Amino acid sequence: MSTFPWKYELSDHSCSIYAGDLLNKYTNVSGTPLQIEAVTDTTLRIHARTLESFAVEQRPKLTGTLTAVSPSDDLPQEKTACDAALRTAFTGTASSDASQNNQSLLTFATKALQISLDDELHLQICSLGGTPLCSDYTGKLQEAESLTEEEIEQMREEGHVVHAGDDACRFQITKSLYGDEVFYGLGDKTGFLNKMGYDYTMWNTDNPDPHVENPTFKALYKSIPFFITLRKDCVYGIFFDNHYKTSFDMGYSSTDYYSIGAADGELDYYFIYGDTIADVIKNYTALTGRCPLPQLWTLGYHQSRWGYSSQQEVLELAENFINNDLPCDVIHMDIDYMDNYKVFTVDKNKFPDLSGLSNTLQDKGIRLVTIIDPGTKVEKGYHMYDEGVCNHYFAQTPEGDIYENVVWPGDSVFPDYTSSTVRNWWGSQTKLLVDQGISGIWNDMNEPASFRGPLPENVVFPGDDIPRLHKEVHNVYGHLMAKATYEGLKETSGKRPFVITRACYSGSQKYSTAWTGDNQSIWTHLKMSIPQLLNLGMSGMPFVGTDIGGFGSNTTPELLCRWIQASCFAPLFRNHCAKFSRCQEPWQFDRQTLDIYRTYLKLRYRFIPYLYDLFYEESQTGMPIIRPLVMHYQNDPEVYECNDEYLVGDRILVAPVTDQGAHVRPVYLPEGIWVDYWTKERIEGGKYILQDAPLDICPIYIKAGSIIPTWPQLNHIPDGGAKELILEYYTSDAPAEYCHYQDNGTDFSYENGEYNIYHFHIDSDGHLTTSMDHQGYDHLYDAVRLSAH
Ligand code: MIG
């Protein structure tokens with residue numbers, strides 16, 4: 001992949017352009033009405049700085065494509081970025097003579113793409129062979145049926161959800177549909193894997209009603225304005241880097257086009273091309289960053305509940321795990337540990353000795369993570385409030401007063417994370433928790449959520465120098481909070497920070513893991529968790545999970561069993577539930593539930609080294625940990641809409657049961673030989689099988705020819721990992737290879753080369769040889785064993 005130093009520095013690990021750093025990204029753009037820049041041969045940035053030229057005066061006159069731009073006469077061609085780029089970087093030739101090439105105002109090519117603009121600035125992107133990949137739509141737009149105010153009111157009175165006017169776009173781009181598109185990504189949205197035929201809004205939203213498939217839930221907690229389009233002969237992604245409220249109509253209004261619009265801000269999107277979905281994700285995460293290597297223990301089991309509220313209770317909880325022989329690495333403390341919900345305080349009555357508690361637990365192999373919300377209590381004498389007021393760290397009303405709303409602590413104010421000074425201040429507070437032995441921070445309510453109505457659009461975030469309104473900051477508020485937390489924890493702990501956030505924007509993966517917010521203990525949410533996590537992974541957020549067992553309402557033993565099974569390879573592996581709902585630790589039910597639950601915790605723990613290898617791969621390439629089948633079987637249309645199976649890496653296939661009462665399910669196995677993990681039966685793929693799945697069985701299959709590194713059974717993850725590695729080998733006639741990554745699992749010394757990469761090779765006779773591709777970490781395994789099946 002070639003890079004063009006004249007524009008951006010692309011590095012494999014992080015991105016210099018934006019996402020957290022994004023608030024200043026517009027400043028280095030020179031002033032042309034439309035720029036098309038090749039960031040690489042396969043990534044184009046389409047950017048128009050002056051929004052005014054795109055503003056569409058009234059709906060429904062949304063033309064969407066670039067037709068509203070200033071007429072071509074006003075476009076000094078020699079100054080367009082594409083022209084400039086041609087001189088610097090492209091191999092293609094320019095044809096800027098309109099008469100020479102039909103309507104084309106300008107055409108040029110990279111090593112992978114041909115780009116042309118017509119005289120109304122409709123953009124067409126083709127492969128080098130000339131096949132249109134993505135074209136602005138030039139036909140007529142579907143007009144929405146218009147209802148009178150009265151009709152809308154009546155419908156709303158009866159309880160119908162009518163979206164009228166509230167999702168108005170100032171501008172919109174519209175792309176042709178060729179009829180063979182399947183869409184993936186878009187973050188955490190409800191519904192199925194394929195987003196074709198739905199529409200979504202990007203506006204970080206905390207709505208605790210049971211999340212149902214579109215259209216009621218157009219928005220959830222996260223705004224990741226990136227999707228991948230799979231067509232018969234091509235794959236491309238579009239990343240619409242605009243963090244005002246944006247909308248994505250993915251063929252919902254018409255079968256002829258899809259459209260992307262924004263309430264404000266600039267037209268600024270990236271077209272990202274690749275041969276495979278993996279390529280597109282790699283190129284997208286080259287722009288927005290990748291999730292850095294986590295600490296090893298974060299891959300273990302996490303237990304949480306909103307309601308753990310005393311030192312004694314947390315201690316007993318840990319003992320229950322130990323006494324029941326249940327693997328567990330982390331206990332989460334929700335808002336009840338704080339003194340009156342004041343962030344960065346601890347209730348000394350309920351937790352008289354938090355340091356003592358964390359030490360005791362850490363000796364037993366269990367760590368603590370505490371929640372931190374943004375809402376800061378209004379209370380004179382409280383250090384966070386006093387310091388924030390004194391230094392102007394909080395968001396303001398347009399008149400310049402501190403803006404107040406209500407959240408858990410009562411009257412609350414909102415830190416301005418768009419300011420680097422505020423982020424540093426906030427981040428440095430993590431010391432208070434780190435000093436008491438806290439190992440990670442969970443960021444909640446950072447959409448931001450508020451009890452007394454939403455924050456008005458014109459709340460002001462003063463920032464470092466440029467003040468911004470809430471409507472611009474909203475979708476990156478959680479992202480910037482996570483950044484502050486990550487950077488603070490890195491400084492105060494010296495470890496790889498463990499952060500969980502609810503609200504996200506593109507790029508949050510650099511700082512944080514995420515969970516999918518307040519689901520419910522219902523079967524539809526178990527079912528939905530699979531496409532939701534897979535789409536998050538394809539949106540560049542790999543370290544994600546759902547609340548196992550469901551957050552709201554009461555779980556049932558059967559649902560809990562199926563949920564732990566479905567999640568046993570979920571990157572973030574946490575059981576969490578709400579106050580007032582039934583406790584859902586595994587021993588709260590019958591013996592059978594406890595036993596099944598234990599089986600899957602133990603299964604998870606054996607595969608930790610494999611998961612960690614996948615995290616290493618992810619840190620290099622952006623490849624998610626769990627993947628839809630389509631990522632590895634892109635030429636098999638049968639898997640395009642596979643909503644209820646997933647791959648872990650490329651060699652483990654999981655097909656969980658997500659229906660109440662089901663003890664058998666159809667499983668689609670793609671081409672190749674698959675080995676049933678439980679029975680070791682070998683099955684030829686490329687077909688559906690009917691799989692028995694009694695309550696204690698989650699169907700799992702391993703691709704023949706795979707080497708998978710596992711650990712001996714442990715109930716807690718030691719820093720640096722286990723001393724022994726067991727290579728599970730699922731035989732085939734061909735030789736097998738596997739690269740395995742190892743480091744101390746805690747800090748950043750791997751950046752100085754302190755890691756090992758083992759290269760395992762098994763020849764066709766089944767003999768194992770090991771070589772070292774890299775050796776820099778001095779704790780090698782005591783033993784590496786081969787276990788062939
Ligand atoms: O308004 O901190 O999604 O995980 O337990 C509820 C209490 C606030 C919402 C989070 C949930 C958490 C709860 N929080």
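First listed ligand is number 1; within each ligand, the first listed atom is number 1. Note that the coordinates shown come from a computational prediction; the quantities given were computed from them, not determined experimentally.
Other residues, nucleotides and ligands place more than 12 heavy atoms under 6.0 Å from the CD atom of Glu379.
Judged by a 6.0 Å distance limit and a 45° cone about the ring axis, Lys218 is not positioned over the six-membered ring of Tyr200.
Using modelled atom types, one side-chain atom of Ser419 and one backbone atom of Val422 make a donor-acceptor pair closer than 3.5 Å. Using modelled atom types, one side-chain atom of Ser512 and one backbone atom of Thr501 make a donor-acceptor pair closer than 3.5 Å. No donor-acceptor pair closer than 3.5 Å links the side chain of Asp416 to the backbone N or O of Ala395.
Within the 4.0 Å heavy-atom criterion, neither part of Asp206 lies near ligand 1.
Any N or O atom pair closer than 3.5 Å counts here, and Trp408 shares at least one such pair with ligand 1. Some N or O of Asp444 is nearer than 3.5 Å to an N or O of ligand 1, by distance alone. An N or O contact shorter than 3.5 Å is missing between Trp306 and ligand 1 by distance. Among the atoms of Arg574, none of the N or O lies under 3.5 angstrom from an N or O of ligand 1.
Shown in contact with Trp442 at under 4.0 Å from a heavy atom are these atoms of ligand 1, numbered in order with element: 4 (O). Close contacts of ligand 1 with His576, meaning ligand atoms under 4.0 Å from a residue heavy atom, involve 4 (O), 5 (O), 11 (C), 12 (C).
At a cut-off of 3.5 Å, with distance as the only test, no side-chain donor of Tyr600 or Tyr301 sits close to an acceptor on the other residue.
Counting heavy atoms only, Asp334 comes closest to atom 12 (C) of ligand 1 of the residues Asn519, Asp336, Asp334.
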